[in-house]
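Side chains are part of it too, since the values below use all heavy atoms of this structure and drop only hydrogens, waters and symmetry mates.
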Amino acid sequence: MACSIAHRHHHLFTQSIHFSFPSLFMSKSFISHPSKSTRSFCPIKSTSRSMSVISGASSFTWDDVFRVSQPEYVPNDSSDLSGFFHKIQLCNRGSELQSEFISFLIEDQFVGYIHNNFVEQLRRFKDVFVFLQSNHSYVSLHERLQTAEDRTRAVGQVIKCLGEEGLIPGIRNELYPVVSSFGSPVYFSLERAAAPYFGIKVYGIHMNGFVERDGEKFLWIGKRSGVKPTYPGMLDHLVAGGLPHGISCEENVIKECEEEAGIPRSISHKAIPVGAVSYMDIEEYRYKRDVLFCYDLKLPDGFIPKNQDGEVESFQLIPVKNVANVVRRTEFFKSNCSLVIIHFLFRHGFIRPECLGYLDLLQSLRNGDCS
């Protein structure tokens, strides 16, 4: 299989992630108005509070998070859902660009979307991909690739070539199953970094780790390492991860609990599945169709998470009502985490039917194809 280097110039494939401090839902500058109020957060914490640079442009510390989370920072916004709607929008961009993508079919089953221009990159791999026309154009795999193993191997060689050319950056050597819906047959497995370029359905797990004290709920929140290639320094769930091929949601939760927070199986096996959120996000040639299975785990009061894989800088235990303020007022959280937290806020009564837009917000948590 030839792997042309002539396409290195195609810079549109280079991923770039931009974060900025929000102004839409904050009536004052985030950094320039320090609060002298007493911190109401639980003092338990793990490692240092050093500043992390976000995408080389913006940075924030736990002190910034504490300050903006206080009710008095933006008075009287507890029933305003506009900040939550904004987070939904951040995960569901580009719907007007759907016409630029064509269907990806395996065994006559729809499994993804591929951008018209990215299709042109695939045409040179004639022994792997075929390009067909019926009522609509679509891409499939060569008929000689009959088994999941053959397809995984052949497509994997293509992804390796495209990765070396810089057309698919961030190769992680982690395989995701290619399916038409959750639990359906696996047609083949695809490199994680390539998933949005083929528009396949991707599944993941996000776990809310919470503690109850004197009738009040607290959430453990992590701050991602500043050297992570994606979303460095952003706020994140205590435990979250994609769902690779060959592992169940439950086992993945247990595995990620140990790796990301040092939670032993004796505790993590008590995590409860509580539903799912979905979203659809299009950016340039990438079409993300993600479904996140949501879990809750009530942790012992004295438990302190300890990251094991170097991907988390530190953790903080924060009252849920203050976490809601951070989601509502800032873009400090990795964007899809906001959806799972909003889901938690609904289920635990922090967002109530009296709030204008309650049902619309609830419905928008499944904007993507949740199947």
Side-chain angles (χ1 to χ4, degrees), residues 1 15 103-114 118 122 125 128-129 139-142 144-163 167-207 228-230 237 239-260 265 268-269 271 273 276-281 286-295 308-309 311 336 340 368-371:
M1 181 183 300
Q15 287 181 321
S103 298
F104 181 32
L105 274 62
I106 307 292
E107 297 180 11
D108 296 325
Q109 295 296 310
F110 169 77
V111 295
Y113 293 101
I114 306 176
F118 193 78
L122 301 180
F125 304 102
V128 179
F129 296 99
V139 179
S140 189
L141 295 182
H142 197 284
R144 73 179 183 86
L145 302 173
Q146 290 293 310
T147 68
E149 292 76 15
D150 288 343
R151 294 165 181 165
T152 299
R153 182 170 53 254
V155 175
Q157 291 173 346
V158 172
I159 302 306
K160 183 176 184 293
C161 287
L162 297 178
L167 301 181
I168 298 180
I171 299 297
R172 303 176 68 162
N173 297 313
E174 183 178 347
L175 295 177
Y176 278 179
V178 177
V179 297
S180 59
S181 61
F182 187 70
S184 64
V186 177
Y187 295 113
F188 70 99
S189 297
L190 180 68
E191 157 66 35
R192 176 175 181 172
Y197 293 94
F198 289 84
I200 67 165
K201 187 78 68 66
V202 169
Y203 301 91
I205 57 95
H206 278 235
M207 192 191 80
K228 277 188 69 67
T230 56
H237 273 101
V239 170
L243 187 63
H245 178 53
I247 185 171
S248 69
C249 289
E250 181 180 6
E251 283 302 315
N252 201 32
V253 168
I254 291 171
K255 178 181 75 71
E256 295 289 348
C257 276
E258 177 61 36
E259 293 177 358
E260 298 192 347
R265 178 181 285 264
S268 61
H269 83 278
V277 300
S278 61
Y279 56 95
M280 181 198 74
D281 187 67
R286 300 181 294 276
Y287 197 134
K288 294 188 68 176
R289 300 192 302 132
D290 291 359
V291 176
L292 306 179
F293 294 100
C294 306
Y295 283 76
Q308 306 296 311
D309 59 11
E311 296 189 355
N336 61 1
V340 179
D369 177 12
C370 197
S371 67

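Although no hydrogens or angles enter the test, the distance criterion places a donor-acceptor pair under 3.5 Å between the side chain of Tyr203 and the main chain of Phe182. No donor-acceptor pair closer than 3.5 Å links the side chain of Ser181 to the backbone N or O of Ser184. Not a single donor-acceptor pair under 3.5 Å links the side chain of Arg172 to the backbone N or O of Ala193. Remark: the backbone N or O of Tyr187 is paired with a side-chain donor or acceptor of Arg151 at under 3.5 angstrom. Remark: side-chain polar atoms of Glu311 are not paired, donor with acceptor, to backbone N or O of Lys228 under 3.5 angstrom. Put simply, the side chain of Thr152 gets close to the backbone of Ser189: a donor and an acceptor are under 3.5 Å apart. Put simply, the side chain of Asn252 never gets that close to the backbone of Pro244: no donor and acceptor are under 3.5 Å apart.
Interatomic distance, Glu191 CD to Tyr176 OH, rounded to the nearest 0.5 Å: 9.5 Å. Distance check, rounded to the nearest 0.5 Å: CG of Asp108 to OG of Ser180 gives 12.0 Å. Note that OG of Ser140 and CG of Leu105 are 6.5 Å apart. Values are rounded to the nearest 0.5 Å. Atom-to-atom distance recorded for Phe129:CZ and Ile114:CD1 is 6.5 Å, nearest 0.5 angstrom. Atom CD1 of Ile200 sits about 4.5 Å away from atom CG of Leu190, to the nearest 0.5 Å. One distance of note links NZ of Lys201 with CE of Met280; it measures 12.0 Å at 0.5 Å rounding.
Taking both residues in full, the closest heavy atoms of Phe125 and Cys161 are given as CZ-CB, 4.2 Å, listed atom of the first, atom of the second, then distance. The shortest non-hydrogen separation linking Glu260 to Ala240 is OE2-O, 2.8 Å. Closest non-hydrogen pair, Leu141 versus Leu145, comes out as CB-CD1, 4.4 Å. The minimum heavy-atom distance between Ser278 and Val291, with the atom names listed, is CB-CG2, 4.0 Å. Nearest heavy atom pair, residue Ala195 against residue Val202, reads CB-CG2, 3.7 Å. Met207 approaches His237 most closely through the heavy-atom pair O-CD2, 3.6 Å.
Residues Leu292 and Tyr279 are in side-chain contact: their nearest non-hydrogen atoms beyond the backbone lie under 4.5 Å apart. Tyr295 has its side chain within reach of Pro273: a pair of non-hydrogen atoms, C-beta onward, lies under 4.5 Å apart.
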Steps toward side chain to side chain contact (heavy atoms under 4.5 Å, CB included) verdict (Asn336, Val340)
CA-CA 7 Å; Asn336 61 1; Val340 179; over 6 Å; no
Derivation of the side chain to side chain contact (heavy atoms under 4.5 Å, CB included) call for Phe118 and Val139
CA-CA 11 Å; Phe118 193 78; Val139 179; over 6 Å; no
Walk me through whether Tyr197 and Arg286 qualify under side chain to side chain contact (heavy atoms under 4.5 Å, CB included).
CA-CA 5 Å; Tyr197 293 94; Arg286 300 181 294 276; 3.5 Å; yes
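When the options Glu258, Glu250, Glu256, Glu251 are evaluated for a salt bridge (charged side-chain N to carboxylate O under 4.0 Å, His left out) with Arg265, the one that passes is Glu251. With respect to Phe198, the ring pair (Phe, Tyr, Trp, His ring centres under 6.0 Å) criterion is satisfied by exactly one of Phe104, Tyr287, Phe110: Phe104.
Within 6.0 Å of atom NE2 in His142, more than 12 heavy atoms from other residues, nucleotides or ligands are found, so the atom counts as buried in its surroundings.
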